[in-house]
*Asks:* 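Attaching a single structure in structure tokens format; questions to follow.
It should be emphasised that the depicted structure is a prediction, and the values quoted were computed from it without experimental measurement. Worth knowing before you read on, the calculation uses all heavy atoms, side chains too, and leaves out hydrogens, waters and symmetry mates.
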Amino acid sequence: LGDNAEGNPALLAVRMTGDLVGELSVLDGKPRSSTVKAASPTRTRVIPGRDLLAFLSTHPATAAAVHNNVTAKLREAIRDRIDLNGAPVALRLARVILKLGTAYGTEVPEGVLIGAPLSQADFGSLVGTTEQSIRRALGTLRDEGLVLSHYRKLIVTDMNRLREMAHGRAAAGRDRRIR
């Protein structure tokens, strides 16, 4: 979470089991640019910055892995900025859901369960729009038969068609683009 220009919290990214967080301030010695808030009960391990730096200085393979992790997050942020900038809300939402389903989804009988318990406001923050717009966009994705949504629970019922829509192609058997 970070604060936007109006001082309101903004969800910047979703992190799940095994993800490293808080490493930037350790690596560059500057204050944290955001904070972490768990969406559900979570077990974490806190490594003091000086201990992490000492460990990385004597374990080059781990240092390279942390470097690659930071680089991947930067590339992800750039890709998100490009993919979400100026696209219609439902298309942006489809892209965010596809990304979450691919990275953190779990196979369930109905399709792929997004592992993070995100609210419509959370999706709005990730997509860069209002909760009301997310409600309409989710309705579009439900009408297209792509998702099932319940309170803080989202299941992608057709990852292939969602992928088609996220890439701006018409849904299978349909001749219109998602708006």
Side-chain angles (χ1 to χ4, degrees), residues 1-22 32-46 72-73 76-77 79-81 83-174 176-179:
L1 291 174
D3 290 335
N4 64 19
E6 292 77 34
N8 299 317
L11 181 61
L12 303 173
V14 173
R15 300 292 180 238
M16 299 288 281
T17 303
D19 285 340
L20 183 63
V21 297
R32 291 188 179 109
S33 56
S34 59
T35 189
V36 175
K37 182 177 179 182
S40 60
T42 304
R43 179 189 280 179
T44 63
R45 172 164 292 165
V46 177
K73 287 178 182 176
E76 176 185 8
R79 176 83 298 176
D80 287 349
R81 177 74 184 210
D83 286 348
L84 302 180
N85 192 21
V89 172
L91 180 57
R92 295 189 330 243
L93 180 60
R95 288 174 178 167
V96 166
I97 292 171
L98 177 65
K99 177 181 156 186
L100 292 172
T102 301
Y104 303 118
T106 304
E107 293 283 335
V108 295
E110 300 94 336
V112 176
L113 172 67
I114 304 298
L118 300 171
S119 68
Q120 290 181 356
D122 293 334
F123 277 109
S125 191
L126 287 171
V127 169
T129 193
T130 64
E131 191 173 343
Q132 182 179 11
S133 293
I134 290 298
R135 215 173 285 116
R136 283 192 303 267
L138 273 173
T140 299
L141 296 178
R142 273 193 304 271
D143 292 348
E144 292 289 337
L146 298 175
V147 299
L148 299 172
S149 62
H150 308 287
Y151 178 75
R152 292 188 181 256
K153 182 177 176 184
L154 188 71
I155 298 172
V156 179
T157 55
D158 192 332
M159 285 291 281
N160 289 330
R161 284 189 50 231
L162 182 67
R163 187 172 293 107
E164 287 176 0
M165 287 185 148
H167 294 298
R169 296 188 294 272
R174 317 253 176 158
R176 61 188 177 95
R177 290 180 185 253
I178 189 167
R179 299 258 181 250

*Asks:* To the nearest 0.5 Å, how far apart are CG in Leu141 and CD1 in Ile134?
*Replies:* 9.0 Å

*Asks:* Report the residues that fulfil side-chain contact (heavy atoms from CB on, under 4.5 Å) with Ala121, sequence neighbours left out, ordered by chain and then residue number.
*Replies:* Ser119, Glu131

*Asks:* So, does Thr157 use its side chain to make a donor-acceptor pair with the main chain of Gly111 at under 3.5 Å?
*Replies:* no

*Asks:* For the pair Thr129 (side chain) and Gly124 (backbone), establish whether a donor and an acceptor sit closer than 3.5 Å, ignoring hydrogens and angles.
*Replies:* no

*Asks:* Measuring from Ile114:CD1 to Lys153:NZ, what's the distance to the nearest 0.5 Å?
*Replies:* 12.0 Å

*Asks:* Can you pull the salt bridge (Lys or Arg N to Asp or Glu O under 4.0 Å) pairs that have at least one residue in residues 107-124, sequence neighbours excluded?
*Replies:*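 Found Asp122-Arg152.
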
*Asks:* Which atom pairs, donor and acceptor, lie under 3.5 Å between side-chain atoms of residues 89-99 and protein residues at least two apart or in another chain?
*Replies:*
unit_1	atom_1	unit_2	atom_2	d
Arg92	NE	Val127	O	3.1
Arg92	NH1	Ala87	O	2.8
Arg92	NH2	Val127	O	3.4
Arg92	NH2	Gly128	O	3.2
Arg95	NE	Ala166	O	2.6
Arg95	NH1	Asp83	O	2.4
Arg95	NH2	Ala166	O	3.4
Lys99	NZ	Glu76	OE2	2.6
Lys99	NZ	Asp80	OD1	3.2
Lys99	NZ	Asp80	OD2	2.5

*Asks:* Pair Leu154, Leu100 - check side-chain contact (heavy atoms from CB on, under 4.5 Å), show working.
*Replies:* CA-CA 10 Å; Leu154 188 71; Leu100 292 172; over 6 Å; no

*Asks:* Any side-chain heavy-atom pair from Arg142 and Leu138 closer than 4.5 angstrom?
*Replies:*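 Yes, side chains in contact.
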
*Asks:* Please report the interatomic distance CD(Glu144) to CE(Met165), rounded to the nearest 0.5 Å.
*Replies:* 3.5 Å

*Asks:* Holding to side chain to side chain donor-acceptor pair (under 3.5 Å), I want the full list of residues that pass it with Arg32, two or more places apart in sequence or in another chain.
*Replies:* none

*Asks:* Going by side chain to side chain donor-acceptor pair (under 3.5 Å), name the residues that satisfy it together with Thr102, two or more places apart in sequence or in a different chain.
*Replies:*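 Thr102: no side chain to side chain donor-acceptor pair (under 3.5 Å) contacts found.
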
*Asks:* Could you tell me whether the side chain of Val21 reaches within less than 4.5 Å of the side chain of Thr44, counting heavy atoms only?
*Replies:*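 No - every pair of side-chain heavy atoms lies 4.5 Å or more apart.
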
